Protein chains: 2
Amino acid sequence: MPVTSAPGSPPTGRARLADVAALAGVSVGTASKALNGGGRMRPETRQRVLDAVAELGFRPNQHAQSLHSGRSWTVGLMTTDGIGRFSTPVLLGAEDALGAGKISVLLCDTRGDAIREQHHLRNLTDRRVDGIIVTGRRTDPRPPLVGIDPRIPVVYALSPSTDPTDTSVVTDDRGGARLAMEHLLATGRTTVAHVTGPEHHQAARERARHAREHLAAAGLEPATGRVHFGEWSEAWGRRAADAVLRTAPLTDAFFCGNDQIARGVADTLRERGIGVPGDVAVVGYDNWDTMALACRPPLTTIDMNLTEIGRIAALRLLEAIDTEPAPGVYTVPCRLVVRESS
Amino acid sequence: MPVTSAPGSPPTGRARLADVAALAGVSVGTASKALNGGGRMRPETRQRVLDAVAELGFRPNQHAQSLHSGRSWTVGLMTTDGIGRFSTPVLLGAEDALGAGKISVLLCDTRGDAIREQHHLRNLTDRRVDGIIVTGRRTDPRPPLVGIDPRIPVVYALSPSTDPTDTSVVTDDRGGARLAMEHLLATGRTTVAHVTGPEHHQAARERARHAREHLAAAGLEPATGRVHFGEWSEAWGRRAADAVLRTAPLTDAFFCGNDQIARGVADTLRERGIGVPGDVAVVGYDNWDTMALACRPPLTTIDMNLTEIGRIAALRLLEAIDTEPAPGVYTVPCRLVVRESS
DNA sequence: AAGTCACGGGCAAACCTTTTCCTGAAGACG
DNA sequence: CGTCTTCAGGAAAAGGTTTGCCCGTGACTT
């Protein structure tokens, strides 16, 4: 009967430890020890306390616990740019890993606005969060949080901090590009075009660089002799596919910077009557299911394991919370997902 | 110099109200009143306290405040099913509205698992959240949270509660269907097919019902005489378009249950050489930009104003927190977004 | 000049749990 | 039988803020 409360408890309506103690016939301190395993006491006494807890439906007041311990059992999750396709899996991974440690996630969306970021940072500091995870949609490095209380550990996920003494968890663009190229070469392709996003995005540059390097290691060159930088859109994929086929009609594979581009490429190929994967293979990047699965044919693609990035960021943060922070950049490997486009 | 701290404050490293009081030469209680506007005191005294606050960089300890007030200035946001396309905007709208009230959002993802839901609910209760918003991806009603402490107000967003004495905020499927049909009829279409998702989804049923009613009111019938229920996928859109054109070649408009279906329909039309919107108009539902904008041509579609749903849910929750809850179902109107497909 | 009043500000309780230190009693050992 | 140790459990401080109540002082009233 959790509704009943010991005499004298009414104010909050919830049973306090004092009520438990009274019911068990012990002092408050003893009741606390009985619950937390500390102190020495007769097993039967402990049991009496536990029974009282059950009878009253007692749950400790976390505000009081936090006040005493200085910990809030809460971490802030700041997403730099909305809560989109990239930050969501990171967020879920983090929530999952933290939830196991009884820690909850406080969500802060800055919408890419520095003012808002400051505001949230203050809020989180005031709440005495145990730590903060910062994540963004881009993989480009970002400046560290400004004015952060040095006692609050921070982990940057996906977008690393520009400060190397911070802790960051990032995706392995190099490995991703390698997986894609190895796959294409292993399946007999030799004339590979690379179509990707804007050159000012690090992700585009890195993937392109490593794709080229991998080709070069096999004694090959990109189909058109260069990388096609553009936008992260289907429309660009379609345009670029046209351009590539005009310049290098013998192209037998496209490695694309993301799944949208890949889908655009696949659409153009299909509309031109070129068989995928019969004549030309297409490999995307992101494993964004709504794109990859809806594509005709479904896309072979690189999965960045974003959930894993979130999980690892959370684990690093947990480490930093109760031991010393281990600065540095942690790289999470990608995964090749083979579907029918290659 | 926020780093300096009054003598005796070291334990936490952060300035306490006691330090402020000491520096200002007043008692702790007076300092508190000076900050919170309460109590009567000489303006210069208040100013001295404010100066001390500034000098020490004092920020009140929220754990202590919460302990005292019983409020956590936090609400839980439970998403029933991942954090997807539907819950994200709701979440952002809620965060926005709550942030204005100094309230933060605690994120709980149940992954559709009842055990997890219980676990999170307990966690939120233990944290003494001020309220809870429950949201899901489907618009079908869901059973209310079980075992919820009646003192914690709850608002259901998107997925209403099956209990009419709860507070729910939902989308206006009827209005959405009406907007779409009015638009099509107003632009001269007379033979409209409706292709939508599975019949066991309320959203599909409702939109279909109201679309038919609206046609009937204009003395019309669906193009094929029936509604085409299927899946929420592009593939289904493509198949359904074929089927519709076979049965009713004179069809001059498609109203689709979501943007994916609409995109599938548009693809089929284009591949058959049927002009959109010249020969046939296509209207989608959801205004999911990655679909609606990538479609050729970009889709006219219905926007459910999900962010607004989140915002209103948050406002209702704020109401319920400091006054009496106002049970009932609140309906948020949709918005027609006209693009080039109609 | 004595009584009132208002104003400024202090005191202390309350919010609830954890943890350290301490005490009283009982058992063990010489 | 006395002293030492051990053990069970209690008392109280600490963590920081808010707020109701109270008191002293100076001004004002009659």
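Keep in mind that this is a model prediction, so the values were computed, not measured. Lettering follows sequence order; numbering is per chain, from 1.
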*Mind calculating the distance between CG (Leu67(B)) and C1' (dT17(C)) to the nearest angstrom?*
9 Å
*Starting at atom CD of Glu44(B), determine the distance to atom P of dG8(C), rounded to an integer number of angstrom.*
9 Å
*Return yes if a side-chain donor-acceptor contact under 3.5 Å exists between Ser66(B) and Arg128(B), otherwise no.*
no
*For the side chain of Thr110(A) and the backbone of Thr79(A), is there at least one donor-acceptor N/O pair under 3.5 Å apart?*
yes
_Sidechain N-carboxylate O distance under 4.0 Å for Arg48(A), Asp51(A)_ = no
*OP1 or OP2 of dG16(D) under 4.0 Å from side-chain N/O of Gln65(B)*: no
*Could you verify whether a donor N or O on one side chain and an acceptor N or O on the other, from Arg127(A) and Ser104(B), lie under 3.5 Å apart?*
yes
*State whether Ser69(A) places a side-chain N or O below 4.0 Å from either non-bridging phosphate oxygen (OP1 or OP2) of dT17(C).*
no
*Check whether the side chain of His68(A) and the base of dT17(C) form a donor-acceptor pair under 3.5 Å.*
no
_Short side-chain N/O contact to dG15(D) OP1/OP2 from Asn61(B), under 4.0 Å_ = no
*Between Arg42(A) (CZ) and dC7(D) (P), how many Å, whole number?*
14 Å
*Between Arg111(A) and Asp113(A), is there a side-chain N and carboxylate O pair less than 4.0 Å apart?*
no
*asked:* In this structure, how many angstroms lie between the P atom of dG16(D) and the CD atom of Gln62(B), rounded?
replied: 15 Å
*In whole Å, what is the span from the NZ atom of Lys33(B) to the C1' atom of dT17(D)?*
12 Å
*Round to the nearest Å and state the distance from Arg40(B) atom CZ to dT19(D) atom P.*
16 Å
*Identify whether any heavy atom of Thr45(A) sits under 4.0 Å from a base atom; if not, whether one sits that close to sugar-phosphate; answer base, sugar-phosphate or nothing.*
sugar-phosphate
*How long is the line joining CG of Leu17(B) and P of dT18(D), in whole Å?*
7 Å
_For dG10(D) and Thr30(A) - does any side-chain N or O of the residue sit under 4.0 Å from the phosphate oxygens OP1/OP2?_
yes
_Nucleotide dA25(C), atom C1' - distance to CE of Met41(A) in whole Å_ = 17 Å
